[in-house]
Amino acid sequence: ISTLSGNVTSIAGSGLTVNFSATMAVLKTGVINGWGTWNSPPATEGNKPTVLYTKGANDVVMTLSSPVSLFGFEAQPDLSDIETMKASYYDAGDVLLGTLTLNVSGNAGALLFAVSTGANDIAKIDVADSGPGGTGCAGCDFALAQVRFSQVPEPVSFYLVGLGILV
């Protein structure tokens with residue numbers, strides 16, 4: 001994310017593309033006309049990441065180019081109060097794998113949302129900001145940062161690696 005600028009509808013790296021259902025604005029944290037605050041380690045990787053801002057959208061779906069076994073990101077609401085944020089993780093068939101709901105402060109309170117399944121079955125993540133107390137609000141938008149993922153190698157890959165070692 002740190003090398004991007006302007007508005008984006010997807011990000012890519014390490015063989016994975018993450019497509020967003022809304023156009024995201026790339027903002028620097030802690031600068032004029034940027035994103036105001038973030039949290040600090042150990043709650044987040046750092047306190048001044050480049051973020052992807054939802055620009056008014058309170059719900060954004062991230063669709064992955066291929067399923068992964070672990071997917072995580074940091075998120076923080078735009079408003080300074082504590083808001084209920086939920087990440088719902090789905091497989092390629094739109095079957096809900098699970099949800100992670102956290103109360104996140106918009107005042108330097110970003111938190112990590114991450115799920116690991118042990119198999120490459122995470123294909124879509126729906127992130128929603130439901131506002132204070134989960135009752136919704138006008139302006140319940142948010143920012144994402146530090147997107148991360150991992151894939152379990154396919155069994156064929158293990159077999160081929162084994163053949164290479166034996167030869």
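This one's a predicted model, so the numbers in the text were calculated from it and none came from an experiment. All values below were derived from every heavy atom in this structure, side-chain atoms included, with hydrogens, water molecules and symmetry-related copies excluded.
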For the [atom1] atom of [X] and the [atom2] atom of [Y], what is their distance to the nearest 0.5 Å?
{"X": "Leu100", "Y": "Lys86", "atom1": "CG", "atom2": "NZ", "value": "11.0 Å"}
{"X": "Thr63", "Y": "Asp126", "atom1": "OG1", "atom2": "CG", "value": "9.5 Å"}
{"X": "Ile11", "Y": "Ile1", "atom1": "CD1", "atom2": "CD1", "value": "4.5 Å"}
{"X": "Asn58", "Y": "Glu83", "atom1": "CG", "atom2": "CD", "value": "10.0 Å"}
{"X": "Asn7", "Y": "Phe20", "atom1": "CG", "atom2": "CZ", "value": "12.0 Å"}
{"X": "Asn19", "Y": "Met62", "atom1": "CG", "atom2": "CE", "value": "11.5 Å"}

Side chains of Ile122 and Thr117 in contact at under 4.5 Å (non-hydrogen atoms): yes

With heavy-atom distances below 4.5 Å as the criterion, would you say the side chains of Leu102 and Leu112 are in contact? no

Donor-acceptor under 3.5 Å ([X] side chain, [Y] main chain):
{"X": "Thr17", "Y": "Ser65", "answer": "no"}
{"X": "Ser116", "Y": "Leu70", "answer": "no"}
{"X": "Thr37", "Y": "Asn107", "answer": "no"}
{"X": "Asn39", "Y": "Ala110", "answer": "yes"}
{"X": "Ser2", "Y": "Thr50", "answer": "no"}
{"X": "Asp91", "Y": "Asp121", "answer": "no"}

Report whether [X] and [Y] are members of the same hydrophobic cluster (ILVMFWY, side-chain heavy atoms less than 4.5 Å apart, transitive linking).
{"X": "Val115", "Y": "Val60", "value": "yes"}
{"X": "Leu79", "Y": "Val127", "value": "no"}
{"X": "Met85", "Y": "Leu97", "value": "yes"}
{"X": "Val104", "Y": "Val51", "value": "no"}
{"X": "Val61", "Y": "Val8", "value": "no"}

Any chance you could lay out the side chain to side chain contact (heavy atoms under 4.5 Å, CB included) test for Thr9 and Met24, step after step, and finish with the verdict? CA-CA 6 Å; Thr9 57; Met24 309 287 273; over 6 Å; no

Considering all heavy atoms of both residues, which atom of [X] and which atom of [Y] are nearest to each other, and what is their separation?
{"X": "Pro49", "Y": "Gly46", "result": "CD-O, 3.9 Å"}
{"X": "Glu45", "Y": "Glu74", "result": "N-OE2, 2.9 Å"}
{"X": "Cys137", "Y": "Gly131", "result": "SG-CA, 4.0 Å"}
{"X": "Ser105", "Y": "Ser80", "result": "OG-O, 4.1 Å"}
{"X": "Asn120", "Y": "Pro67", "result": "O-CB, 3.2 Å"}
{"X": "Asp78", "Y": "Tyr53", "result": "OD2-OH, 3.5 Å"}

For a side chain to side chain contact (heavy atoms under 4.5 Å, CB included) check, start with the C-alpha distance between Phe149 and Val147, then their side-chain angles and the critical distance, and finish with the verdict. CA-CA 7 Å; Phe149 73 95; Val147 176; 5.9 Å; no

Anything under 30° is parallel, anything over 60° is perpendicular, the rest tilted; go ahead and classify Trp38 against Trp35. perpendicular

Lys55, NZ: over 12 other non-hydrogen atoms inside 6.0 angstrom: yes

NZ (Lys48) with more than 12 external heavy atoms under 6.0 Å: no

Going through the checks in order, is the side chain to side chain donor-acceptor pair (under 3.5 Å) test met by Gln151 and Ser66? CA-CA 9 Å; Gln151 291 177 307; Ser66 60; 3.2 Å; yes

Passes side chain to side chain contact (heavy atoms under 4.5 Å, CB included), Leu96 versus Tyr90? Steps please. CA-CA 4 Å; Leu96 179 65; Tyr90 295 87; 3.8 Å; yes

Answer yes if the ring centres of Phe73 and Phe113 are under 6.0 angstrom apart, and no otherwise. yes

